[in-house]
There are 2 protein chains.
Amino acid sequence: MQAFVRAPTVAAMILLKTIDPAVPHAGHRAACGACHACDVRTMAVCAALEPDEIGALESIMTARRLAGDETLVEEGEPRRRVYSLTSGMLRLVNGLPDGRRQITGFLMPGDFLGLADDGVYSASAEAVTPSALCSFPVAGMDALAVRFPKLNDRLFAFTRAALRRSRENQMILGRLAPVEKLSTFLLMLSQRAVEHHLPADPVAIPMSRADIADYLGLTIETVSRSFTKLRNQGLIDLPDARLVEIRDRKALEAVAGTLRA
Amino acid sequence: MQAFVRAPTVAAMILLKTIDPAVPHAGHRAACGACHACDVRTMAVCAALEPDEIGALESIMTARRLAGDETLVEEGEPRRRVYSLTSGMLRLVNGLPDGRRQITGFLMPGDFLGLADDGVYSASAEAVTPSALCSFPVAGMDALAVRFPKLNDRLFAFTRAALRRSRENQMILGRLAPVEKLSTFLLMLSQRAVEHHLPADPVAIPMSRADIADYLGLTIETVSRSFTKLRNQGLIDLPDARLVEIRDRKALEAVAGTLRA
DNA sequence: CGAAACGTTGAAGGCTCTCAAGTGGGGTGG
DNA sequence: CCACCCCACTTGAGAGCCTTCAACGTTTCG
């Protein structure tokens with residue numbers, strides 16, 4: 001649980017290349033400076049605003065950087081700020097008193113944090129990899145959502161998309177077998193990598209086996225064995241534990257249970 | 001899967017008492033007539049509007065009734081209408097090609113159908129019990145959401161609540177043992193019964209064991225055995241398969257894993 | 001009155017989890 | 001610079017639990 005920064009493995013290197021190395025260290029404000037040069041300006045919430053309106057958003061924005069495994073917000077905490085992820089990856093975590101945990105989602109660049117929450121955060125948000133975010137005070141964002149209906153609409157659309165994904169996850173958790181779960185997960189990662197203009201053939205797996213297990217409702221051993229099973233069947237290759245090459249996508253989709261009926 | 005209408009068991013009777021028997025048969029239009037006399041006007045989306053604004057909503061509204069097990073909308077179908085449930089209960093169902101299914105949620109009076117969807121319905125909606133709904137064309141509802149920001153806000157708030165519930169379900173599906181799942185489910189039913197001013201001590205279980213199984217990611221046998229286990233431990237009583245008396249709420253909450261950390 | 005559906009219970013098997021050991025990579029400290 | 005250690009991951013063996021298959025009781029409805 002300590003703020004341990006992974007060494008740059010092959011997989012991490014691929015992921016890290018989206019982070020501008022020229023930028024100063026973590027924890028600083030407004031490192032990236034201008035929204036109009038932002039990597040995710042076309043897919044994040046800010047895309048709802050015209051170039052001449054971005055300033056209003058920028059004026060209430062603060063930049064924030066997180067080291068790997070750093071916690072951004074804690075479950076149950078009053079929701080005072082909302083965030084837009086610009087690089088890296090976050091996990092949404094819910095915990096049980098006895099230590100069991102469930103990861104309800106992974107946030108990728110362009111995703112918004114705080115959609116589901118009302119009053120208090122309903123989940124903790126932790127950095128999977130070093131990450132950069134735009135931070136907004138809730139009051140300010142609410143005011144802007146009133147002033148710019150298009151911004152509100154986009155937040156609403158993001159929330160609907162999150163709800164669809166969450167319900168898809170219910171299907172995955174409730175009705176798929178381990179290898180089906182993992183196949184679906186890998187295909188999802190691959191698809192989202194494409195959407196985010198990241199390498200999709202050797203897919204980077206930024207999260208640990210423990211994270212995958214807590215996301216899919218399995219143990220780390222079962223996750224590992226499922227990886228091995230897919231590798232032995234020739235559907236994937238594992239040049240590195242954090243890197244997956246999809247060797248037979250069709251077969252992988254078939255194993256995934258063809259979630260899209 | 002046929003439109004089979006259950007006979008009025010003890011449990012069904014309790015539930016049916018929220019349906020006005022004076023109202024004509026199913027499938028008719030605007031049976032309940034006036035929104036200002038609606039049972040759920042304080043908790044449904046329409047509560048966002050002032051009394052003098054309700055007319056605008058009412059003018060695009062059509063009443064709809066469903067028999068038990070009747071399908072309202074089908075997964076993948078173009079989303080042309082949205083609905084507000086006024087009485088009865090609906091299940092949201094997602095299916096896999098091989099017949100496996102996952103119920104992602106149950107809708108109770110006041111709940112809104114169509115929140116997650118964008119373009120096509122992402123799940124089928126089927127009546128668990130005979131139900132009554134207000135039906136709205138999507139275009140008309142969208143226009144009203146623009147005209148009445150408060151209506152839009154309420155739809156947004158409903159969507160956030162649905163997302164929170166869906167994520168809670170992810171925890172239930174991924175990390176709870178069968179008896180924990182069932183306990184959580186029963187407590188949830190009891191709580192929502194209170195919210196909907198229905199009897200909460202002997203809780204009516206409108207849905208079948210198969211529905212519960214598909215909601216909790218179990219088999220009907222495991223659901224049945226979990227019921228028996230809770231009964232043998234004295235936490236609940238089962239005067240009827242569709243009726244649960246909570247005899248030891250504290251213990252039941254403890255078994256539920258105390259989902260609220 | 002019989003057929004069908006729902007729910008419960010029993011027995012056996014398979015599969016995941018648990019416990020445990022082993023491997024490999026990378027960072028740390030001598 | 002090298003050795004050691006730690007952590008992540010993998011793999012193995014056994015147990016436990018849920019699922020599967022099956023039978024039975026009950027209720028409902030044709």
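Excluded from the calculations below are hydrogen atoms, water molecules and symmetry mates; all remaining heavy atoms, backbone and side chain alike, are included. Each chain gets a letter, A, B and so on, in the order its sequence line appears, and its residues count up from 1.
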**OP:** Search all heavy atoms of B/Pro109 against all heavy atoms of B/Gly88 and return the closest pair with its distance.
**Re:** CD-O, 3.4 Å
Original post:
Between A/Val203 and A/Ala200, what is the shortest heavy-atom contact and its length?
Top reply: CG2-O, 3.1 Å
**OP:** Using heavy atoms and a sub-4.0 Å distance, could you list which residues of residues 225-236 of chain A are near DNA chain D? By number, please.
**Re:** A/Arg225, A/Thr228, A/Arg231
Original post:
What's the CG-P distance between A/Leu182 and C/dT16, to the nearest Å?
Top reply: 12 Å
**OP:** Over all heavy atoms of both residues, which pair between A/Asn169 and A/Thr104 is shortest? Give the atoms and the distance, please.
**Re:** ND2-O, 3.6 Å
Subject >> Stepwise salt bridge (charged side-chain N to carboxylate O under 4.0 Å, His left out) test for B/Arg101 and B/Glu75 >> reply: CA-CA 12 Å; B/Arg101 35 170 243 165; B/Glu75 184 180 354; over 6 Å; no
**OP:** Could you check how far NZ of B/Lys181 sits from C1' of D/dT19, rounded to whole Å?
**Re:** 13 Å
**OP:** Heavy atoms only: give me the nearest A/Pro206-A/Val128 pair and the separation to one decimal.
**Re:** O-CG1, 3.6 Å
Original post:
Which of these nucleotides, D/dA8, C/dT18, C/dG7, is closest to any side-chain atom of A/Thr219?
Top reply: C/dT18
Subject >> Atom pair distance, as rounded to whole Å: CZ in B/Arg242 and C1' in C/dA5 >> reply: 11 Å
Subject >> Interatomic distance where CG belongs to A/Asp69 and C1' belongs to D/dC7 [whole Å] >> reply: 12 Å
Original post:
For B/Arg100 and D/dT19, what is the distance between atoms CZ and P respectively, to the nearest whole Å?
Top reply: 13 Å
**OP:** May I ask you to say what B/Thr222 touches in the nucleic acid, namely base, sugar-phosphate or nothing, with a heavy-atom cut-off under 4.0 Å?
**Re:** base
**OP:** Check ring pair (Phe, Tyr, Trp, His ring centres under 6.0 Å) between B/Phe185 and all other residues, then give those that pass, not counting sequence neighbours.
**Re:** B/Tyr215
**OP:** Give B/Ile220 one of three labels, base, sugar-phosphate or nothing, depending on what nucleic acid heavy atoms sit under 4.0 Å from its own.
**Re:** nothing
**OP:** Round to the nearest Å and state the distance from B/Leu176 atom CG to D/dC18 atom P.
**Re:** 12 Å
Subject >> Distance in angstrom units between B/Arg209 CZ and D/dT27 P, rounded >> reply: 14 Å
**OP:** Determine the minimum heavy-atom distance between B/Thr86 and B/Leu133, stating which atoms define it.
**Re:** OG1-N, 3.8 Å
Original post:
Does one side chain, of A/Arg209 or A/Ser224, offer a donor that lies under 3.5 Å from an acceptor on the other?
Top reply: no
Check the interface with nucleotides 22-26 of chain D: list each N/O to N/O pair with the protein under 3.5 Å, or write none.
none

Original post:
Please give, in whole Å, the distance from C/dT16 P to A/Leu216 CG?
Top reply: 13 Å
Original post:
Taking all atoms of both residues into account, what is the closest heavy-atom pair of B/Ala213 and B/Thr219, and its distance?
Top reply: CB-C, 3.6 Å
